[in-house]
Protein chains: 2
Amino acid sequence: MASIKDVAAAAGVSVATVSRVLNDHPSVSPDARTRVLAAVERLGYRPNAVARSLRTDQTRTLGLVISDVLNPYFTELARSVEEEARALGYSVIIGNADERPDLQDHHVRTLLDRRIDGLLVSPTDGGSPLMLDAARAGTPMVFVDRWIPGLDVPVVRADGRSAVRDLVAHLHGLGHRRLAIIAGPAATTTGSERVEAFREAMAEYGIPLPDAYIGQGDFQAESGRRVTEGFLGLDEPPEVVFAADNLMALGALDAVRARGLRVPHDIALAAFDDIPWFVHTDPPITAIAQPTGELGRAAVRALVDRIEGRPPRSVTLAARLVVRRSCGEDPNPPQSPSPVRRSTP
Amino acid sequence: MASIKDVAAAAGVSVATVSRVLNDHPSVSPDARTRVLAAVERLGYRPNAVARSLRTDQTRTLGLVISDVLNPYFTELARSVEEEARALGYSVIIGNADERPDLQDHHVRTLLDRRIDGLLVSPTDGGSPLMLDAARAGTPMVFVDRWIPGLDVPVVRADGRSAVRDLVAHLHGLGHRRLAIIAGPAATTTGSERVEAFREAMAEYGIPLPDAYIGQGDFQAESGRRVTEGFLGLDEPPEVVFAADNLMALGALDAVRARGLRVPHDIALAAFDDIPWFVHTDPPITAIAQPTGELGRAAVRALVDRIEGRPPRSVTLAARLVVRRSCGEDPNPPQSPSPVRRSTP
DNA sequence: CTGAAAGCGCTTACAG
DNA sequence: CTGAAAGCGCTTACAG
């Protein structure tokens, strides 16, 4: 590939002048500029970003380490992150941890080695020494969705507490009393917080959350399946299963179907995280929706603020309950009878 | 951050020696090695990949430009690509074109500027000058899923022809004669091929595919919605809509539901690309499944072969039809009555 | 086995 | 406005 030297030679100027033209430095004569631009065009020259990064000590790249790309929530998050980053002149490199701390570590290490300007992470666990060291060493970092307490790192996330309270009110109103949850890993904030929010909301109605109704999942479909099978095998199975993310809800659906049971007739189902498919599942699934796009954008802005020397802000946005039919009789029946609605028994 | 110089000073050796132990060069004394490793440990030294890349002229990075990250098919593809790349010692940077040629170009350019070792692309269109030039200039490149004819670039893809024939046989067997398709952009191979395969299979049954039954979509949900509305507004609407990808199927479902109609009672639906949610939609959707993971892995192997000087091979794998209930009466009823099955009218 | 030195492709004070 | 030169952090022939 043509290098800056080739361009300089072709334009009859020094490499310094070529560099100035390329970087829009003001002190370049119109004539020199024209010749350089012509040479660039003729040679099809493209600056080597690797060399530039080495010299300037900045890569204009953000690292994003997410827990699971296959989870539509994170895919959407990644998309909004890339979009906002691009608008601000940054690229993003995504590392998929697949809910595995070792993989997360691998990606953090690779990203750090590549000298990304800043790191956006949704931690899979409590944080490895590598990540903690990086944070303490001053690597610009922002947590999205999940975070690690005790670190001076801004957090951008959704607070689901009030939406969970709305969900429990909805379930209680439908007459459900035996409520179970498929939790995420206790090592993640979203893993423990969602259980706590659920327990607290239930307490307001005087309903306990027995251990047998807390299933330990890992945010992936297979665990939702396994936990749900366990629930269904109980002497007194729960009336409702609340999956702490959409993939575990998918697993739960698989398990219910495998047993030959129906939602919500035999067991009700609700999920944290809303996705477009929930409108079309059988039945449509009641879910707690996060403002995913806004979270991604806010996270990027916080990180770029930090990188560029401005004080970054933590952001907490509200999640909201979207009621559909997976927990029982539609509580908001349409005014006029619609042919879409199924005649429920 | 500590540099190789710091390590050299701390270990009392030259930077050359440090470099040698870091790269497992054989000629290093055990003593030197020990001291270097200790210094590395003590300083928390991590080699600067940017500097190494500049020097060695290789980044050990693959670029992957996909048409739409929000499409579960591509997400899964991206995941398998990253997995295989990691196994072979490469990282991957994903660029999401969002089905927009301008964005695709942006990512190709950025990736090239970063001097990735090779490029995996699923082109959104017929290819911009930039991409064509890069291919002709010898940038290691492999097409996945979609490709651009006339270029000496290996292609890794699935052949859906026989699965589409199976689908048409299935539809014909169900008594359907008015079959419509929501096509992808004609500029993409998968956009045009799927229509052709559909048309040819229909011809075998003496069924024509009129223009009115070919809707022009762009592989994204909104276009599926729009096209389906058009079909439903026809004097003689089709009995079946075949969406050329899963997102347009989602849009089609939205449109059908908005009209207060039901699948398959009022109109049948099938999709290219199978996803886990299709098992749980109302009704479960008949789809053509690609061996996505295998495609991603094969594409990476071909690209790495090319990069490392081995002859790369094009690969074509077969797709297969997965019959569910969205086209009408289940043609393979279970032997014993199952409580899962709905009593269809 | 080891080190001094060149060089990868840039950017940027410095001097003119 | 322009260029020569230093230097970013590495790797790797070359000489010893």
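Sequence lines set the chain letters: A, B, ... in the order given, protein chains first and strands last, and positions in each chain run from 1.
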Note, A:Glu99 side chain near A:Asp218 side chain (heavy atom, < 4.5 Å): no
Nearest-Å distance, CE (B:Met1) to C1' (D:dG9)? 12 Å
A:Ala32 near the nucleic acid: base, sugar-phosphate alone, or nothing, with a heavy-atom cut-off under 4.0 Å? sugar-phosphate
Take the protein atom CG of A:Asp31 and the nucleotide atom C1' of D:dT2, then report the distance between them rounded to whole Å. 12 Å
Does any donor atom in the side chain of B:Arg114 or B:Thr61 lie under 3.5 Å from an acceptor atom in the other side chain? no
Please determine, for the side chain of B:Ser14, which listed nucleotide (C:dT2, C:dG3, C:dG9) has the closest atom? C:dG3
Can you tabulate the close N/O pairs, meaning under 3.5 Å, that link protein atoms to atoms of nucleotides 12-16 of chain D?
{"residue": "D:dA13", "atom": "N6", "partner": "B:Arg20", "partner atom": "NH2", "Å": "3.2"}

Look at the side chain of B:Asn48 and decide which nucleotide, out of C:dT11, C:dT2, D:dC10, has an atom nearest to it. D:dC10
Work out which heavy atom in A:Asp145 is nearest to a heavy atom in A:Tyr73; give both atom names and the distance. OD1-OH, 3.1 Å
What integer distance in Å separates A:Asp113:CG from D:dC10:P? 10 Å
Is B:Val50 touching bases, backbone alone, or none of the nucleic acid, heavy atoms closer than 4.0 Å? nothing
When we call it a touch if two heavy atoms are under 4.0 Å apart, what does B:Ser3 touch: a base, just sugar-phosphate, or nothing? sugar-phosphate
Given that A:Ser29 and B:Ile4 both sit by DNA chain D, which one's nearest nucleotide is further toward the 5' end? A:Ser29
Round to the nearest Å and state the distance from A:Asp57 atom CG to D:dC10 atom C1'. 14 Å
Separation of A:Arg35 atom CZ from D:dC1 atom P, in whole Å? 14 Å
Rounded to whole angstrom, note down the C1' distance from D:dG16 over to D:dT12. 16 Å
Can you check the B:Asp6 CG to D:dC10 C1' distance for me, whole Å? 13 Å
Beyond-backbone contact of B:Leu112 with A:Arg46, side-chain heavy atoms, under 4.5 angstrom: no
Quick one: look up who C:dA15 pairs with, Watson-Crick or G-U, both distances under 3.5 Å, and put none if it's unpaired. D:dT2
Rounded off to whole Å, could you give me the NE2-to-P distance for the B:His25 and C:dT2 pair? 11 Å
Please determine whether a side-chain nitrogen or oxygen atom of B:Lys5 lies at a distance below 4.0 Å from atom OP1 or OP2 of D:dC8. yes
Whether over 12 other heavy atoms sit under 6.0 Å from B:Asn23 CG: yes
Pairing donors with acceptors under 3.5 angstrom, does anything connect the side chains of B:Arg146 and B:Ser67? yes
Atom pair distance, as rounded to whole Å: CD in A:Gln58 and C1' in C:dG9: 16 Å
Quiz question: by atom type and distance under 3.5 Å, do the side chains of A:Asp125 and A:Gln104 form a donor-acceptor pair? yes
